[in-house]
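To find a chain, count down the sequence lines: A is the first, B the second, and so on, and within it residues start at 1.
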Protein chains: 4
Amino acid sequence: MEILHTQSQDRRTALIQAACEVIAEKGLEGLRIRVVAARVGINPATMYYYFATKEDLIEGVLDHLFSTLGILSEEPAGTPREQLHAHLSRLSRRMRDDPGLFAVLSEMQLRAGRSFSISRFQEYEEKWHRKLENLLQTGIRQGFWPNYLDPDQVATTIILLMQGAALQTTTGIRRIDNSINQLERWLTGR
Amino acid sequence: MEILHTQSQDRRTALIQAACEVIAEKGLEGLRIRVVAARVGINPATMYYYFATKEDLIEGVLDHLFSTLGILSEEPAGTPREQLHAHLSRLSRRMRDDPGLFAVLSEMQLRAGRSFSISRFQEYEEKWHRKLENLLQTGIRQGFWPNYLDPDQVATTIILLMQGAALQTTTGIRRIDNSINQLERWLTGR
Amino acid sequence: MEILHTQSQDRRTALIQAACEVIAEKGLEGLRIRVVAARVGINPATMYYYFATKEDLIEGVLDHLFSTLGILSEEPAGTPREQLHAHLSRLSRRMRDDPGLFAVLSEMQLRAGRSFSISRFQEYEEKWHRKLENLLQTGIRQGFWPNYLDPDQVATTIILLMQGAALQTTTGIRRIDNSINQLERWLTGR
Amino acid sequence: MEILHTQSQDRRTALIQAACEVIAEKGLEGLRIRVVAARVGINPATMYYYFATKEDLIEGVLDHLFSTLGILSEEPAGTPREQLHAHLSRLSRRMRDDPGLFAVLSEMQLRAGRSFSISRFQEYEEKWHRKLENLLQTGIRQGFWPNYLDPDQVATTIILLMQGAALQTTTGIRRIDNSINQLERWLTGR
DNA sequence: AATGAATGAGAGTTCATTCAT
DNA sequence: AATGAATGAACTCTCATTCAT
């Protein structure tokens with residue numbers, strides 16, 4: 001019983017994973033049920049046992065994306081500055097090691113305003129923004145960063161920078177690492 | 001003859017313009033020959049007189065895009081700092097007034113690594129990078145910015161920031177203005 | 001053992017009943033195993049324990065239909081005229097109280113010439129015709145109706161009228177009651 | 001130009017005709033675009049050039065049906081009794097010569113309450129009813145039929161009878177002719 | 001220079017049915 | 001006696017593209 005449940009979960013996860021890969025390679029517009037099913041080794045019709053529609057599968061990818069990237073997960077203990085650093089360097093490292101995930105992130109962002117099923121993307125992003133804002137606010141109050149910084153503004157800058165970089169993962173030209181370092185130095189007043 | 005040629009050009013331009021609008025509204029994956037033709041008021045088959053394939057039309061949009069955005073156009077005379085400021089605030093203003101254009105930019109960037117016809121996008125971007133790099137280098141040499149700045153790095157940061165913001169135009173949440181101002185202050189050492 | 005058999009029968013009946021309801025609501029072409037099973041509260045696969053195929057289930061509905069309508073059941077004692085009246089007013093009342101049953105009747109009639117599993121419908125109808133014919137013949141012989149009436153012909157008219165009315169149950173516009181009364185008056189010579 | 005227009009109309013008509021045949025043979029639930037297209041000798045996709053959806057095609061069949069049956073068309077000049085006779089015997093003859101049309105009629109009637117695209121069927125039927133009612137009313141006023149007859153009631157009876165008979169065309173057992181004759185005799189008081 | 005008509009390839013989705021457990 | 005998981009075959013519909021006129 002437990003095993004069956006686990007197998008079933010596994011297949012769901014496998015489908016999401018496969019869909020994620022396909023999106024990274026071919027874009028959301030290149031996502032085909034047939035291809036996803038083939039990667040998992042099942043009949044296309046079987047996908048509909050796990051997801052009611054293609055849109056549902058994409059929603060699954062959306063959730064998977066944010067939980068895998070760990071954008072919203074708790075940072076390890078430390079000063080706000082250390083926490084921000086941990087956050088940024090984790091994302092930076094991840095972007096180097098698994099650029100596909102960030103390609104998917106861009107795909108989602110681009111459709112967030114157009115597709116209903118992806119519109120939940122914006123909630124995730126809002127949470128991300130608030131997380132960064134809180135971190136910055138706390139850090140400024142505790143004197144880790146100069147108090148002329150506007151937490152909201154800086155949070156926005158960080159997110160724009162990360163998403164600009166994510167957008168580049170498909171071509172793979174620009175690197176985010178240096179920009180991140182630079183930004184951290186700027187924040188602390190060089 | 002000359003007149004005919006001009007009319008022909010007009011229609012080509014009209015098709016590109018229409019395609020651009022559709023891409024801004026529905027995304028590249030939502031681009032339909034039928035819809036573009038209808039906007040221009042012609043039969044879909046007629047489009048094939050002006051463009052051999054859909055991809056060709058998209059290439060046309062790509063060229064139109066960069067020339068319209070004026071990313072690569074000469075900046076008005078002034079110090080490097082004034083020129084950079086002019087460049088950034090022009091883009092910033094444009095993004096506010098005509099977000100559709102930047103939505104198209106994101107669409108192109110996202111597919112640049114996947115679609116052959118859009119791969120030329122990267123050349124444009126490369127030119128943009130070099131333009132910024134040169135401007136920064138000159139400015140640093142002339143003492144407008146501190147010399148610990150790395151022109152290449154800063155150029156990258158600017159581009160990432162702009163493209164992150166362009167990506168947001170479909171949802172319209174985050175604004176680039178503040179981030180740009182902040183960046184300029186950081187560059188001059190606050 | 002006996003109990004199990006009874007339970008088994010119950011479930012068979014429940015499935016037929018559910019199928020009957022679905023056919024009344026959505027038509028035979030709208031009949032889905034999934035939906036029938038859900039109404040009974042079982043897994044679709046379980047249905048195949050009780051019926052070999054969907055067609056078998058439909059055959060079950062066919063039998064259920066005629067036994068429930070009581071078209072072929074013995075009429076209460078009385079003169080032929082009373083018996084015919086009882087027959088017609090019972091059907092007429094039934095049509096008002098449970099139109100769904102007659103909707104199913106129409107569905108069956110319509111497919112009777114096309115689907116093998118429903119072709120048995122015609123045997124039922126033949127029996128109905130004979131029953132009416134006998135009743136009329138006896139009544140005419142006994143002087144309840146004028147002898148210029150052709151029992152076969154009148155039986156046909158009655159059946160056509162009833163089925164025309166059954167066909168209307170899905171829209172629910174025309175009523176059979178008045179037509180029946182009128183017919184009975186005509187039969188007796190006004 | 002004129003020729004092209006005619007050809008185009010021809011193909012539309014051919015598609016409707018073919019659809020009509022398929023419905024008569026296999027029922028509305030057995031109607032397949034592929035089959036209809038094949039009968040006309042075109043690619044299935046081409047059907048969508050003439051009809052936006054399958055439903056549209058069915059609506060086309062609905063209109064074709066009533067205009068072909070001539071149910072609502074003007075009757076030749078004559079007394080009301082002659083007109084009614086002409087009407088009924090025309091339908092009766094037609095039912096013998098082209099039973100398929102009446103099979104389609106039944107198919108439509110059966111779905112009239114369920115399918116939006118077929119719901120217009122009821123408007124046609126309402127017109128039919130009014131036509132008969134008027135005819136009967138005039139005839140009664142002019143003394144062709146006894147004045148104890150209720151035009152509305154008789155009109156209903158006629159329609160039910162015809163539709164009951166139409167429903168039988170798929171099996172082809174019962175004949176409407178005798179019932180019609182009988183009815184006409186009854187109307188005139190034998 | 002323009003178009004009406006046509007099409008091939010392929011998309012997502014549905015459903016009766018099967019089978020191991 | 002029951003079910004979760006799986007599937008093959010079919011369905012409607014879309015779209016870039018072609019071609020005779």
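- Within residues 14-45 of chain A, the residues having any heavy atom closer than 4.0 Å to DNA chain F are, in order of number, A:I42, A:N43, A:A45.
- Under the salt bridge (charged side-chain N to carboxylate O under 4.0 Å, His left out) criterion, C:R34 pairs with no residue, sequence neighbours left out.
- In this model, the phosphate group of E:dA6 is not approached by any side-chain N or O of D:Y49 to a distance below 4.0 Å at OP1 or OP2.
- Nucleotide E:dA5 holds its C1' atom 14 Å from the CD atom of D:Q9, rounded to whole Å.
- Side chains of C:Q109 and D:T171 form a contact here, defined as non-hydrogen atoms less than 4.5 Å apart.
- Of the nucleotides present, E:dT3 is the one that pairs with F:dA20 by Watson-Crick or G-U wobble criteria, both distances under 3.5 Å.
- Under the Watson-Crick or G-U wobble criterion, with both distances below 3.5 Å, E:dG12 is paired with F:dC11.
- When side chains are defined from C-beta on, C:L31 counts as touching C:I58, because their heavy atoms get closer than 4.5 Å.
- The C:T46 side chain lies nearest to F:dT3 when the options are F:dA6, F:dT3, E:dT3.
- Counting to the nearest Å, the P atom of F:dA5 and the CZ atom of A:F51 are 13 Å from each other.
- Between C:D63 and C:Y124, the side chains place a donor N or O and an acceptor N or O closer than 3.5 Å (distance only, hydrogens not considered).
- The OH-P distance, from B:Y48 to E:dT7, rounds to 17 Å in whole Å.
- OP1 or OP2 of F:dA2 sits under 4.0 Å from a side-chain N or O of C:R11.
- Within a 6.0 Å radius of NZ in B:K26, other residues, nucleotides and ligands contribute 12 heavy atoms or fewer.
- Distances shorter than 4.0 Å separate some side-chain N or O of A:Y50 from OP1 or OP2 on F:dA6.
- With DNA chain E read from its 5' end, the first of the two nearest nucleotides for D:M47 and A:E55 is the one closest to D:M47.
- Taking 4.0 Å as the cut-off between side-chain N and carboxylate O, D:R114 and C:E107 count as a salt-bridged pair.
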